[in-house]
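Structure record follows, encoded as structure tokens.
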Amino acid sequence: MGSLEADFDLASEKEVAAEAILYVNGKRRVLPNNSAHQTLLEYLRGLGLTGTKLGCGEGGCGACTVMVSHFDQFEHTVVHRAVNACLAPLYSVEGMHVITVEGIGNRQQGLHCVQELLSNAHGSQCG
């Protein structure tokens, strides 16, 4: 019986290692298995992160722009890219870190300096 329990533990460890993960604003998220059809934008808005907007749906307006970061193993550095979340399939950012506008600052925890300047100048972010 002891060996059966050990085999079960190994199987569960393999399942955990096989999970598709994503980091959103510093939080680890396990991607759902049945969401290959979903865009990154749909996923983020489903999490309640509504600062990332659907504007044109073609990647031209920038309302859906997020920052995606990953570690480049060849350059040994972190690479940051602006990505149109309305066009990016959810699983295309698997294992990466996504930063939304909520992740750089908010009213409760303090605005980012760029957000503060936009607010002080009565500016708006529309893409």
Side-chain angles (χ1 to χ4, degrees):
M1 286 298 217
S3 64
L4 289 177
E5 289 175 17
D7 289 342
F8 179 74
D9 289 341
L10 290 175
S12 64
E13 283 183 31
K14 287 180 184 175
E15 286 178 25
V16 171
E19 288 180 331
I21 62 164
L22 168 70
Y23 293 87
V24 178
N25 297 334
K27 289 179 131 177
R28 184 181 189 270
R29 306 273 182 176
V30 177
L31 296 175
N33 289 330
N34 59 351
S35 296
H37 65 282
Q38 209 173 19
T39 64
L40 177 58
L41 175 67
E42 292 167 331
Y43 179 76
L44 293 172
R45 292 188 63 84
L47 294 176
L49 299 171
T50 56
T52 306
K53 311 266 189 242
L54 176 61
C56 66
E58 298 177 354
C61 72
C64 66
T65 304
V66 296
M67 182 175 76
V68 175
S69 305
H70 71 280
F71 184 75
D72 185 322
Q73 294 178 348
F74 299 109
E75 297 291 326
H76 301 287
T77 187
V78 177
V79 177
H80 307 285
R81 290 203 167 82
V83 171
N84 293 319
C86 72
L87 299 178
L90 178 57
Y91 285 94
S92 69
V93 293
E94 179 185 351
M96 298 182 189
H97 189 180
V98 176
I99 302 289
T100 67
V101 67
E102 293 93 348
I104 63 169
N106 58 54
R107 281 186 250 156
Q108 290 78 26
Q109 298 173 342
L111 297 175
H112 184 273
C113 60
V114 173
Q115 292 170 315
E116 186 78 39
L117 289 169
L118 274 169
S119 175
N120 291 341
H122 307 289
S124 65
Q125 187 261 328
C126 57

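When reading the values below, keep in mind they use all heavy atoms of this one structure, side chains included, and skip hydrogens, waters and symmetry mates.
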Supply the atom-to-atom distance Cys86 SG to Glu58 CD, rounded to the nearest 0.5 angstrom.
8.5 Å
By side-chain contact (heavy atoms from CB on, under 4.5 Å) - contacts of Thr100 (at least two apart)
Asn25, Leu44, Leu49, Thr52, Val66, Val98, Glu102
Measure the CZ-OG1 distance between Arg81 and Thr65 for me, rounded to the nearest 0.5 Å.
15.0 Å
Restricting to side-chain contact (heavy atoms from CB on, under 4.5 Å), what partner residues turn up for Glu75, sequence neighbours left out?
Asp72, Thr77
Among all residues two or more places apart in sequence or in another chain, which pass the side-chain contact (heavy atoms from CB on, under 4.5 Å) test with Pro32?
Asn34, Ser35, Tyr43
Set of side chain to side chain donor-acceptor pair (under 3.5 Å) partners for Ser69, sequence neighbours left out:
His80
Show your working on side-chain contact (heavy atoms from CB on, under 4.5 Å) between Arg28 and Ile21 and close with a plain yes or no.
CA-CA 7 Å; Arg28 184 181 189 270; Ile21 62 164; 3.2 Å; yes
Remaining members of hydrophobic cluster (4.5 Å side-chain criterion), Ile99
Met67, Ile104
First locate atom CG of Leu87, then atom CG of Leu40, and finally report the distance between them rounded to the nearest 0.5 Å.
10.5 Å
Ignoring hydrogens and geometry, is there a side-chain-to-backbone donor-acceptor pair from His70 to Gly95 under 3.5 Å?
no
Cluster check Val83, Tyr23: I/L/V/M/F/W/Y, side chain < 4.5 angstrom
no
Are the side chains of Lys27 and His97 in contact, using a 4.5 Å heavy-atom criterion?
no
So CD of Gln38 and CG of Leu31: to nearest 0.5 Å the spacing works out to 9.0 Å
Specify the closest pair of heavy atoms between Cys56 and Gly59, including all atoms of both residues, with the distance to one decimal.
SG-N, 3.5 Å
Qualifying residues under side-chain contact (heavy atoms from CB on, under 4.5 Å), relative to Asn120, sequence neighbours excluded
Glu116
When every non-hydrogen atom of Tyr91 is compared with those of Ala20, the smallest separation belongs to CE2-CB, 3.8 Å
Quick one: name the residues clustered hydrophobically with Leu41, using the 4.5 Å side-chain heavy-atom rule over I, L, V, M, F, W, Y, and just say none if it's on its own.
Leu54
May I ask whether Leu22 and Leu47 are part of the same hydrophobic cluster, defined by side-chain heavy atoms of I, L, V, M, F, W, Y residues being less than 4.5 angstrom apart, directly or through others?
yes
